[in-house]
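Presented below is the structure to which this report refers.
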Amino acid sequence: MKNKMILVLLACGGVVFSQAIKKPLVSAITDKDLKTDMYQMAGDHFNGREAGTLDELKVSMWLANKAKEAGMAPAGDDGTYFQFFDMYRHQVTSNTKFKIGQKEFKLWKDVLVAETTNIKVDASLIYLGAATKEEIEKADIKGKAVVILASKQGIADDISLFDRRYPGLVRNKYYDLVVKKGATALIMVADALAEESWSQVEPQMTRGVYGIEGLRDKIGATMPVFWVHNDQLEYLKTTKDLLSTEVISETYKYPSVNIVGTIAGTDPKLKDEYVLFSGHQDHDGVRQKYGKDSIYNGADDNASTCVAMLAIARAYKKQPGKRTALFVFHGSEERGLLGSRWYASHSTVPEKNIIAVLNGDMIGRNNVNQAALLGSSSPHENSSDLVAIAKRANDEGPKFDLDKLWDRPEHPEYFYFRSDHLPYAKRGIPSVFYTSVLHSQYHTPMDESENIDFVKLHKMTEWMYRTGWILSNDATRPKTLPNVQLER
C-alpha cells in the first residue's frame, strides 16, 4: 500500500516548490524480527556479553552481520562496522595490607577495600559512631583515620539492587566531607544491612573499576575506604592502636568496541546531517548465581534497544529519510558508559552534523501503556524542540502515558545519569532517553528473552522510529537550550 503524500508549498523568491513528505513506514517493524533477534542476542551462547571479553567481541560480530543484513553501510573505523577502543581495568591486588596495631585483617574476608587506589597510610584512629554530617564538621579529623558505624539514616530503601548498592550509598554520605576535612582514611563498620550485603559487594570490589584512554579513572593517592565486620566494633571504639595500611592496585588493558552503521539520507544537503540512534550491546556476563543460573543475559538491558535499532534500520532501508540515520551500538556501557564516552569524543562523523541522539535502554518490560522519556524536563532537558518532537511522535503512534517521576532530579535512582545519551548531552547535542524503567529482574539472570513483553517492545521501537523519522525530514534541526546544567 502506497504511503499518502502531504504536499508542502514553499514560497521562495516568488517561486513555488512542492516537497513530498512521506509517512513513517511503521509496517516495516515486525514482531517476528524483534523476537528472532532478541532470542539470538540474549541467548546463553553469548554468556552475558560482558565488556572486554571474547563474548562481547562475539556479539559484536553478530551485530555487525545483522547491521549488514539490515542494509546499513559500515560507519566505524577504516571502512568497517567496528570502532575499537581500549578499556582499562583498575584492580586492588592481593599485595594490599591492612593492619591495626598487631592485628592483621585478611583481604576480602576480614576487610573490603571500597576505593581502588595506590596509597600508604599510617594514622591514628578516631571513632565517630553513626555520625551526622554536622558532627563530622565539628570533629578534628585532620590526618586521622575516621571510623564510622554504618547507618541507613538518610538513604532511600526503595531503589533497585539495594543489597548490592547499600555500602556505596553509605560511603557516599561521608566521603567528600571526610576528604574535605583532611582525613587520611575512612573505615566503615558494617551494620546489619552491610553484613547482609557483604557477599554481594565483595565480587564488585574485587572486580575493580574501569575507565578509557584519555578519560580513565584516576587511581592515584585518593583517600582509601575500608569495610570491616561488625564484630570489630567494640575493639575499634576503644583501641589506641594505629592503622597501618597499603593499598596496591594494578591496571589491565582490554579491547572493547562500538558497532556503527548508517542508512544514507536522500536529500543532497541534509544527507550530511545525522540522527543518531543509540543503545548498548554489553551486559554483565557470568556472575554469582540466582538459583541455578549465573548467566546475566540482559534481554531487556539492553538487547531490547539493540533489536529495536535493527528493526528501525530495516524501516529506513525500505524508505530512507532525507537525513542519514546513524546507529551506534555502544560497548562497555555497564562499565561506566565507556563506549558512548569514547564515541562522543571520537565520532566517526562530524560531531557538528549530529542533530539529535535518541537513546534507548530497557524498553521491553512493565506496563504496556506506560513509558518514560528522560531528558524531557528541567534540569535534564537540553532541547525543548527535541522533546516536543518525541512527544508528538508518541501522540501519533503508541500513545504512552508518560511517566513524570523518573526524570526528576530528586528521584533516588538518578536514572538520567546512567545511560548512553549522557556523554552526548554533556557535549551540547540534543538528547533524550527512552525507557520502560527498572524492574525486579534488573541485573539478574532472570532478565531473559522469555520475560520480554514484545507488544511493549514493538510500541517503544515504533516511538523511537517515529521520532527519528520526523527529525530525518524536518527542514530545521532541533536547537539546544542555553545554560543547561546536567550535573546532579
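Residues: numbered from 1 along the sequence shown. As the structure is a prediction and not an experimental result, all values here were calculated from the model.
- Residues Leu276 and Val328 meet the side-chain proximity criterion, which asks for heavy atoms closer than 4.5 Å.
- Using a cutoff of 4.0 Å between basic side-chain nitrogens and carboxylate oxygens, Asp284 and Arg335 are scored as salt-bridged.
- Judged by distance alone, the side chains of Asn230 and Glu195 never bring a donor and an acceptor atom under 3.5 Å apart.
- Within the 4.5 Å cutoff, side-chain heavy atoms of Asn394 are placed close to those of Leu402.
- Taking the six-membered ring where the residue is Trp, the centroids of His90 and Tyr252 are separated by 6.0 Å or more.
- The closest donor-acceptor contact from the side chain of Ser60 to the backbone of Glu56 lies under 3.5 Å.
- Using a 3.5 Å distance cut-off with no hydrogens or angles, the side chains of Ser419 and Asn359 do pair a donor with an acceptor.
- Using a distance-only test at 3.5 Å, with no hydrogens or angles considered, a donor-acceptor pair links the side chain of Ser304 to the main chain of Ile363.
- With 3.5 Å as the limit, one finds no donor-acceptor pair spanning the side chains of Arg341 and Ser332.
- The side-chain contact (heavy atoms from CB on, under 4.5 Å) with Val59 is formed by just one residue from the set His283, His45, Met41; it is Met41.
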| said: Under the criterion salt bridge (Lys or Arg N to Asp or Glu O under 4.0 Å), I'd like the reasoning laid out for Lys399 against Glu462: C-alpha separation, chi angles, the key distance, then a yes or no. | reply: CA-CA 11 Å; Lys399 297 178 174 59; Glu462 178 186 342; over 6 Å; no
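- Salt bridge absent: Arg164 and Glu202 never bring a charged side-chain N and a carboxylate O closer than 4.0 Å.
- Under the side-chain contact (heavy atoms from CB on, under 4.5 Å) criterion, Thr30 pairs with Lys32, Asp33, sequence neighbours left out.
- Checking side-chain atoms of Arg49 against main-chain N and O of Gly298 turns up a donor-acceptor pair under 3.5 Å.
- A donor-acceptor contact shorter than 3.5 Å is absent between the side chain of Lys68 and the backbone of Pro74.
- Using modelled atom types, one finds no donor on one side chain facing an acceptor on the other under 3.5 Å when comparing Ser340 with Glu333.
- Distance alone, capped at 3.5 Å, is enough to place a donor-acceptor pair between the Arg365 side chain and the Asn451 backbone.
- Contact of the Glu396 side chain with the Arg392 side chain is registered, since non-hydrogen atoms from C-beta on lie closer than 4.5 Å.
- Residues that satisfy the side-chain contact (heavy atoms from CB on, under 4.5 Å) test with Pro203, not counting sequence neighbours, are Gln288.
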| request: Please assess Val225 against Tyr174 for the test side-chain contact (heavy atoms from CB on, under 4.5 Å), listing each intermediate value before the final yes or no. | output: CA-CA 10 Å; Val225 179; Tyr174 300 109; over 6 Å; no
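- Applying the 6.0 Å contact sphere to CG of Asp78 captures no more than 12 heavy atoms from other residues, nucleotides or ligands.
- The aromatic rings of Tyr434 and Trp463 stand perpendicular to each other, their planes meeting at an angle above 60°, with 30° marking the opposite boundary.
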| field | Check against ring pair (Phe, Tyr, Trp, His ring centres under 6.0 Å), Phe226 and Phe98 | value | CA-CA 9 Å; Phe226 306 96; Phe98 183 90; 4.7 Å; yes
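- In this structure, the side-chain contact (heavy atoms from CB on, under 4.5 Å) partners of Arg427, at least two apart in sequence or on a different chain, are Ala344, Ser345, Glu351.
- With hydrogens and angles left out, the side-chain atoms of Asp407 and Ser377 include a donor and acceptor closer than 3.5 Å.
- Side-chain N or O atoms of Tyr274 include none that pairs as donor or acceptor with a backbone N or O of Val357 at under 3.5 Å.
- Open room surrounds CD on Gln153; 12 or fewer heavy atoms of other groups in view lie less than 6.0 Å from it.
- Put simply, the side chain of Lys97 does not reach to within 4.5 Å of the side chain of Glu104, judged on heavy atoms.
- With 3.5 Å as the limit, one finds a donor-acceptor pair spanning the side chains of Thr117 and Thr222.
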| request: Starting from the C-alpha separation in whole Å, work towards a yes-or-no answer on side-chain hydrogen bond (donor to acceptor under 3.5 Å, both in side chains) for Trp62 and Gln40. | output: CA-CA 9 Å; Trp62 178 86; Gln40 289 180 9; 3.0 Å; yes
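- A donor-acceptor pair is defined here as one N or O able to donate and one able to accept, closer than 3.5 Å; no such pair exists between the side chain of Arg323 and the backbone of Val275.
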| field | Criterion side-chain hydrogen bond (donor to acceptor under 3.5 Å, both in side chains) on Tyr424 and Asn382, from CA distance to verdict | value | CA-CA 11 Å; Tyr424 300 99; Asn382 80 336; over 6 Å; no
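- Between Val247 and Asn118, the closest side-chain pair of non-hydrogen atoms is not below 4.5 Å.
- His330 and Asn258 are not linked by any side-chain donor-acceptor pair at a separation below 3.5 angstrom, with hydrogens and angles left out of the test.
- Here the side chain of Asp282 pairs no donor or acceptor atom with the backbone of Ala51 at under 3.5 angstrom.
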| said: What verdict does the side-chain hydrogen bond (donor to acceptor under 3.5 Å, both in side chains) test give for Thr348 and Tyr343, after you've listed the backbone C-alpha separation in whole Å, the side-chain angles of each residue and the deciding distance to 0.1 Å? | reply: CA-CA 8 Å; Thr348 57; Tyr343 192 85; 2.8 Å; yes
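- Between Asp37 and Arg314, at least one side-chain N (NZ, or NE/NH1/NH2) sits under 4.0 Å from a carboxylate O, which counts as a salt bridge.
- Residues Asn297 and Asp447 have side chains that never bring a donor and an acceptor to within less than 3.5 angstrom of each other.
- Aromatic pair Trp198/His229: centroids less than 6.0 angstrom apart.
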| Hey, mind stepping through Tyr465 and Tyr316 against ring pair (Phe, Tyr, Trp, His ring centres under 6.0 Å) and telling me if it holds? | CA-CA 9 Å; Tyr465 169 55; Tyr316 269 98; 5.7 Å; yes
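- Checking Ser436 against Gln370 by side-chain atom types alone, no donor-acceptor pair falls below 3.5 Å.
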| request: Could you go through the side-chain hydrogen bond (donor to acceptor under 3.5 Å, both in side chains) check for Thr96 and Glu246 one step at a time? | output: CA-CA 6 Å; Thr96 293; Glu246 184 175 14; over 6 Å; no
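- The shortest side-chain heavy-atom distance between Phe105 and Gln232 falls under the 4.5 Å cut-off.
- For NZ of Lys152, the number of neighbouring non-hydrogen atoms (other residues, nucleotides, ligands) closer than 6.0 Å is greater than 12.
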| said: Walk me through whether Tyr414 and Tyr416 qualify under side-chain contact (heavy atoms from CB on, under 4.5 Å). | reply: CA-CA 6 Å; Tyr414 298 109; Tyr416 175 83; over 6 Å; no
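- Here Phe433 and Phe415 bring their ring centres to under 6.0 angstrom of each other.
- In terms of modelled atom types and a separation under 3.5 Å, the side chain of Lys456 and the main chain of Asn367 share a donor-acceptor contact.
- Ion pairing between Glu250 and Arg89 fails under the 4.0 Å rule for side-chain N and carboxylate O.
- Taking the side chain as every heavy atom from C-beta outward, Asp86 and Tyr88 approach each other to under 4.5 Å.
- Inter-residue side-chain proximity for Asn47 and Leu54 is flagged as unmet; no heavy-atom pair is nearer than 4.5 Å.
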